[in-house]
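Here the structure comes first, spelled out in structure tokens, and everything after it is commentary.
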Amino acid sequence: MCGLRPLKIGTLTARLPVIQGGMGVGISLSSLAGAVAREGGIGLISTAQIGFREPDFAEDSQAANLRAIEKELKKAREIAPKGILGFNIMVATKNYAEYVKAAVKAGADLIVSGAGLPVDLPKYAKGAATKIAPIVSSVKSANVICKLWDRKYQTAPDLVVIEGPLAGGHLGFAREELTSLGADTEHASKTFKRAEYENEIKGIISLVKKYADKYGREIPVVTAGGIYTHEDVMRQIGLGADGVQVATRFVTTQECDAPDAYKQAYLDAAEEDIVIVKSPVGMPGRAIRNAFLREAEKGKVAVKRCYHCLERCDRTNIPYCITQALVNAAQGDEENALLFCGSNAWRADKLETVHEVMCELCGLPAV
């Protein structure tokens, strides 16, 4: 039996306290999310350019994306009819509100939202059964979002996700903060000031509890970033977290929606290959240094088409088109791809099943 308590988010109860983190473009779609939900965790589909396979994506990416939201959730529900499924939606997305409304309309159980502060998320999900969760990285950002939701919408989050500096993809930290925490070196596993950031986690948990008390309900907190083993999970639980969000560990599973070349890049990566990059989103990000990033370091990579993906994107000044780079990754064109990953991607040495990963994370025998 698993010694971990179920994760309760209002009326939702996940048997295992593991949320699979959203990964775009096309890395966490219905196959991965459905498989995690079927195992008793929570599966998240990333809406970031989710419609990249739709025939009209190049001409009208938003229409393609909104259509694909319903399609992917339906396919995930076929895999896990009784599972908990939702979406990760980036605040930086152009026409963010439309994506939230589409996810709610499709019947998402949960929306997790980061890459910016989702200040108006309650307005877009109002009246729906869909639970809503902001991603925060500091006491300051948690305080801002909780105070705003309380004052403006007389509500509090259903769940709070704390994403630390070892996470993959876009990070909620300035580059200087990553340096201060020792999270941007070639060997972050050795230089990361874990205890210092764990104090921040405890502070956020304490803050969230104040709002839980005010609204007379439980608000679970899950932590993310650098969680790879059962020991990592238990450390987070020991800090007071109710569960964890894990992304990178699921990339090298058979069920992950990523192409084989993407998974192989994780299997081949050494720790020193994992670097902090500047994203056109305006945030630092973590990725595998490959031919594409080496080219980007020399200067701009030509932007051939605009997909209107980000709210604040100046095509004339961006180092590369993030949509094209991530679509290339999702299509297996590794040489021209931005390969987002967490700090522990280098630890992957074999393909596993989602069942095996969930069992290992939760300390269960893989039978």
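Heavy-atom basis, side chains included; hydrogens, waters and symmetry copies ignored. Keep in mind that this is a model prediction, so the values were computed, not measured.
Closest approach of G164 and L171 over heavy atoms only: O-CD2, 4.3 Å. Between P284 and A174 the shortest heavy-atom distance is CG-C, 4.3 Å.
With salt bridges taken as basic N to acidic carboxylate O contacts below 4.0 Å, none links E272 and R289. A salt bridge is defined here as a Lys NZ or Arg NE, NH1 or NH2 lying under 4.0 Å from an Asp or Glu carboxylate O, and K8 with D242 fails to meet this definition.
Residues K131 and D109 form no side-chain contact, since every pair of their non-hydrogen atoms from C-beta on lies 4.5 Å or further apart. When side chains are defined from C-beta on, V275 counts as touching V277, because their heavy atoms get closer than 4.5 Å. Between L361 and T229 there is no side-chain heavy-atom pair separated by less than 4.5 Å.
In this structure, D158 contributes its side chain and I132 its backbone to a donor-acceptor pair below 3.5 Å. In this structure a side-chain-to-backbone donor-acceptor pair under 3.5 Å is missing from Y96 to P118. Of the possible donor and acceptor atoms, one in the side chain of K193 sits under 3.5 Å from a partner among the backbone N and O of S180. Between the side chain of D150 and the backbone N or O of T155 there is no donor-acceptor pair closer than 3.5 Å. Between the side chain of D120 and the backbone N or O of K123, no donor-acceptor pair lies under 3.5 Å.
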Margin query: Set out, in order, the CA-CA distance, both residues' side-chain angles and the distance that settles salt bridge (Lys or Arg N to Asp or Glu O under 4.0 Å) for D56 and R67, then state yes or no.
Written below: CA-CA 11 Å; D56 59 341; R67 191 185 318 122; 2.7 Å; yes
Check: Are N290 and E335 close enough, and set up right, to give a side chain to side chain contact (heavy atoms under 4.5 Å, CB included), and what steps lead you there?
Finding: CA-CA 7 Å; N290 61 352; E335 289 297 299; 6.0 Å; no
Margin query: Let's go through E198 and R235 carefully: what are the C-alpha distance in whole Å and the side-chain angles of both, what is the deciding distance for salt bridge (Lys or Arg N to Asp or Glu O under 4.0 Å) to 0.1 Å, and is it a yes or a no?
Written below: CA-CA 10 Å; E198 286 178 348; R235 186 180 182 107; 2.5 Å; yes
Next item on the list: Could you check E39 against R15 for salt bridge (Lys or Arg N to Asp or Glu O under 4.0 Å), going step by step and ending with a plain yes or no?
Entry: CA-CA 9 Å; E39 290 294 324; R15 181 170 54 85; 5.3 Å; no
Next item on the list: Show your reasoning for whether side chain to side chain contact (heavy atoms under 4.5 Å, CB included) applies to Q20 and S28.
Entry: CA-CA 9 Å; Q20 161 256 308; S28 67; 3.2 Å; yes
Check: Are C146 and Y211 close enough, and set up right, to give a side chain to side chain contact (heavy atoms under 4.5 Å, CB included), and what steps lead you there?
Finding: CA-CA 7 Å; C146 287; Y211 285 89; 3.6 Å; yes
Checklist line | side chain to side chain contact (heavy atoms under 4.5 Å, CB included) evaluation trace for L117 with V91 | finding: CA-CA 7 Å; L117 287 177; V91 178; over 6 Å; no
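Looking at S138 and E200, their side chains never bring a donor and an acceptor atom within 3.5 Å of each other. Side-chain N/O atoms of S189 and E271 include a donor and acceptor closer than 3.5 Å. Between the side chains of Q236 and T223, at least one donor N or O lies within less than 3.5 Å of an accepting N or O. Defined by atom type and a distance below 3.5 Å, a donor-acceptor pair is missing between the side-chain atoms of Q264 and D260. In this model, a donor atom of one side chain and an acceptor atom of the other lie less than 3.5 Å apart for N65 and Q49. Defined by atom type and a distance below 3.5 Å, a donor-acceptor pair is present between the side-chain atoms of S30 and E72. At a cut-off of 3.5 Å, with distance as the only test, no side-chain donor of N88 or S46 sits close to an acceptor on the other residue. If you check the side chains of Q324 and N328, you find a donor sitting under 3.5 Å from an acceptor.
Aromatic ring centroids of Y266 and Y262 lie under 6.0 Å apart. Aromatic pair Y99/F87: centroids not less than 6.0 angstrom apart.
Residue I19 belongs to a hydrophobic cluster whose other members are L7, I9, L12, I42, L44, I84, L110, V112, I135, L159, V161, V222, with links defined by side-chain heavy atoms closer than 4.5 Å.
Atoms OG1 and NZ, from T130 and K105 in turn, are 13.5 Å apart once rounded to the nearest 0.5 Å.
Applying the ring pair (Phe, Tyr, Trp, His ring centres under 6.0 Å) test to residues at least two apart or on different chains, the pairs with a partner in residues 148-191 are H170-F340, F173-Y197.
I79 and I27 are members of different hydrophobic clusters when ILVMFWY side chains are connected at heavy-atom separations under 4.5 Å.
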